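In what follows, a single structure is set out as structure tokens and then discussed.
Just so it is clear, the structure is predicted and the values come from calculations on it, not from any experiment.
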Protein chains: 2
Amino acid sequence: MTSPSVLKLRHIFDMSPEEERLLDGIAARKVELPKGADFVVQGESDEAAYVMLAGWALRHRQLADGRRQILNFLLPGDWAGLTTILFSTADHSVTAVTPVVVAPVSHADMTGLFRDHSRLALAIYWTAAQEEAVVAEHLVDVGRRNAYERLGHLFFETVLRLEAVSQAGDDGTFDFPLNQTALADALGLSHVHVNRTLKRLRREGLVEIEGRKARVLDRNKLEQAVHFESTYLHLGGEPAWLRRRFARSARPGNQG
Amino acid sequence: MTSPSVLKLRHIFDMSPEEERLLDGIAARKVELPKGADFVVQGESDEAAYVMLAGWALRHRQLADGRRQILNFLLPGDWAGLTTILFSTADHSVTAVTPVVVAPVSHADMTGLFRDHSRLALAIYWTAAQEEAVVAEHLVDVGRRNAYERLGHLFFETVLRLEAVSQAGDDGTFDFPLNQTALADALGLSHVHVNRTLKRLRREGLVEIEGRKARVLDRNKLEQAVHFESTYLHLGGEPAWLRRRFARSARPGNQG
DNA sequence: CGTCGGGTTGATTTACCTCAAGCAACGTGG
DNA sequence: CCACGTTGCTTGAGGTAAATCAACCCGACG
């Protein structure tokens with residue numbers, strides 16, 4: 001089965017069979033981590049990056065007085081700890097929300113990848129850039145949208161991201177393992193207010209939440225209600241001229 | 001005179017004379033843009049990246065109904081539009097706050113740089129990663145800090161960043177060309193509330209604002225008042241083992 | 001000399017927060 | 001298999017940080 005990291009990159013990137021094999025090879029070194037495991041720890045220096053293969057994780061920063069802010073959520077196909085190769089100490093933690101399957105990539109392997117497979121390096125850089133764009137949108141959420149829009153926006157974003165890696169059902173159903181406290185810490189709200197706002201979203205027939213599953217009921221209505229603008233996800237399938245640029249950037253020596 | 005882009009990277013990176021010359025060479029192609037100029041436009045596809053050499057710019061996202069969120073501020077030594085090489089349309093705009101001096105770098109030159117000077121490419125990637133870390137901290141600000149902390153935090157961050165490129169005076173004075181509306185859009189507040197909170201910061205003797213200049217009066221007091229934690233800036237001077245890693249990642253063919 | 005961008009201030013409203021409690025589902029251990 | 005702590009969800013009451021609305025002031029500038 002093709003790994004989610006391959007699935008995700010196919011959206012923007014014509015990968016050669018060899019490149020796909022290489023990525024799948026990385027993904028083959030599966031490690032299972034229990035729910036709650038921290039695989040990057042704020043303030044510490046870490047020794048590897050990780051590709052998410054299954055499950056949910058979150059990136060968050062902790063303040064000294066206990067307040068915390070969740071930066072974003074990591075879904076299958078996302079990378080964690082890419083910056084550990086650049087910074088001496090991590091400025092955030094990455095924690096498993098559910099049991100997760102990851103593939104660790106040592107720094108040595110990373111630099112090798114960057115050296116010998118510059119197209120894949122560019123693809124990984126693309127992933128990091130997309131993540132940055134998602135975090136920026138969360139900043140827009142928290143800075144300029146109200147609680148109702150923030151929550152709706154997060155649901156909409158999540159469906160789109162999960163669909164990009166074939167992890168959402170046809171009927172709009174998807175795994176949603178976040179509790180209301182996590183939502184609060186992600187959206188800059190209190191869990192009480194999250195609760196009341198979720199109630200409203202349910203009452204208005206926009207989303208449905210049952211246990212650890214969620215479902216977007218009326219896509220168009222939700223999109224309009226929260227003024228969703230999907231450009232920042234860059235999942236629209238990039239135009240040919242851009243795909244060509246990726247190709248051009250290949251160095252001689254990488255298989256043709 | 002060494003360009004700010006070189007100054008900034010020296011903090012984390014042992015650059016060879018040739019690499020410094022190359023960066024300074026990029027910086028030699030100066031272009032002046034007037035205050036208010038958009039050099040990256042949300043929704044459009046752009047043809048170059050830019051190194052900031054002088055002046056202030058800001059990155060922001062605009063919502064359809066007019067609300068906007070400023071993501072971060074670009075100071076001398078920062079890069080703008082790095083992702084235009086990866087995405088078909090920009091998800092944000094970059095606008096000059098003051099008249100700015102930039103050096104445009106075409107996509108062709110960028111890919112050449114990545115191909116032939118992988119250490120410099122890594123340094124530029126470092127810059128992008130640091131910017132991501134700053135945006136993430138702004139998310140923490142807006143999500144989990146009150147107006148007073150947000151403003152104080154921004155002042156503190158700004159001094160540190162300006163000092164890293166030798167653009168702040170010894171007495172804590174620095175150029176600060178943002179009006180209160182810009183502060184509001186950056187911090188997720190109304191300009192009225194920004195005004196009142198600034199008054200409080202002044203009254204308490206933490207900062208001084210005169211025209212387009214600002215000054216941090218009591219560094220320690222401000223740091224404590226807003227619980228500033230500087231790790232996310234990664235400006236502490238990276239330890240030797242990390243600098244060595246950058247060196248190791250050099251490919252044969254790059255000088256020395 | 002009018003207009004415009006920017007700062008300041010007051011009065012009022014509101015979208016959230018905090019505190020507090022109750023309840024259901026669940027695992028754990030005795 | 002019952003007592004229990006725990007975790008997560010829900011609801012109410014009351015409080016507050018910050019928004020909104022509305023002036024007014026000032027200096028710059030054409």
Separation of dA18(D) C1' from L183(B) CG (nearest whole Å):
16 Å
Map R144(A) and G211(A) onto DNA chain D by nearest heavy atom, then report which one ends up closer to the 5' terminus.
G211(A)
E210(A) and R215(A), any side-chain heavy atoms less than 4.5 Å apart
no
Verify the contact: side-chain N or O of N195(A) to OP1 or OP2 of dC9(D), cut-off strictly under 4.0 Å; return yes or no.
no
When you measure from the side-chain N and O atoms of N179(A) to the phosphate of dG8(D), is any distance below 4.0 Å, counting only OP1 and OP2?
yes
Is K8(A) close to D78(A) at the side-chain level, that is, under 4.5 Å between some pair of heavy atoms?
yes
Candidates dA18(D), dT10(D), dC21(D) - which lies nearest the side chain of V192(B):
dC21(D)
Hey, are H234(B) and D91(A) close enough side-chain-wise for a donor-acceptor pair under 3.5 Å?
yes
What is the 5' to 3' range of DNA chain C, first to last nucleotide, that sits under 4.0 Å from any heavy atom of chain B?
dG6(C) to dA11(C)
Let me know the distance between CD of Q180(A) and C1' of dT10(D), rounded to the nearest Å.
8 Å
Whole-Å distance separating the NE2 atom of H191(B) from the P atom of dA22(D):
13 Å
For dT10(D), does either OP1 or OP2 sit under 4.0 Å from a side-chain N or O belonging to R202(A)?
yes
Quick check on E204(B): does its CD atom have over 12 non-hydrogen neighbours (other residues, nucleotides or ligands) under 6.0 Å away?
yes
Give the ring-plane orientation class for H153(A) versus F228(A), where under 30° counts as parallel, over 60° as perpendicular and anything between as tilted.
tilted
Round to the nearest Å and state the distance from H193(B) atom NE2 to dT16(D) atom P.
15 Å
Are the side chains of H138(A) and N72(A) in touch, meaning some heavy atoms are under 4.5 Å apart?
yes
Rounded to whole Å, the OH-P distance (Y148(B) to dA18(D)) equals 13 Å
Whole angstrom value for the distance that separates C1' of dA18(D) from CD of E149(B):
14 Å
Using distance alone, with no hydrogens and no angle criterion, decide if S93(B) and T95(B) have a side-chain donor and acceptor under 3.5 Å apart.
no
Check the distance between dC9(D)'s C1' and L178(A)'s CG and give it to me in whole angstrom.
15 Å
Can you measure R145(A) atom CZ to dA18(D) atom C1' for me and round it to whole angstrom units?
20 Å
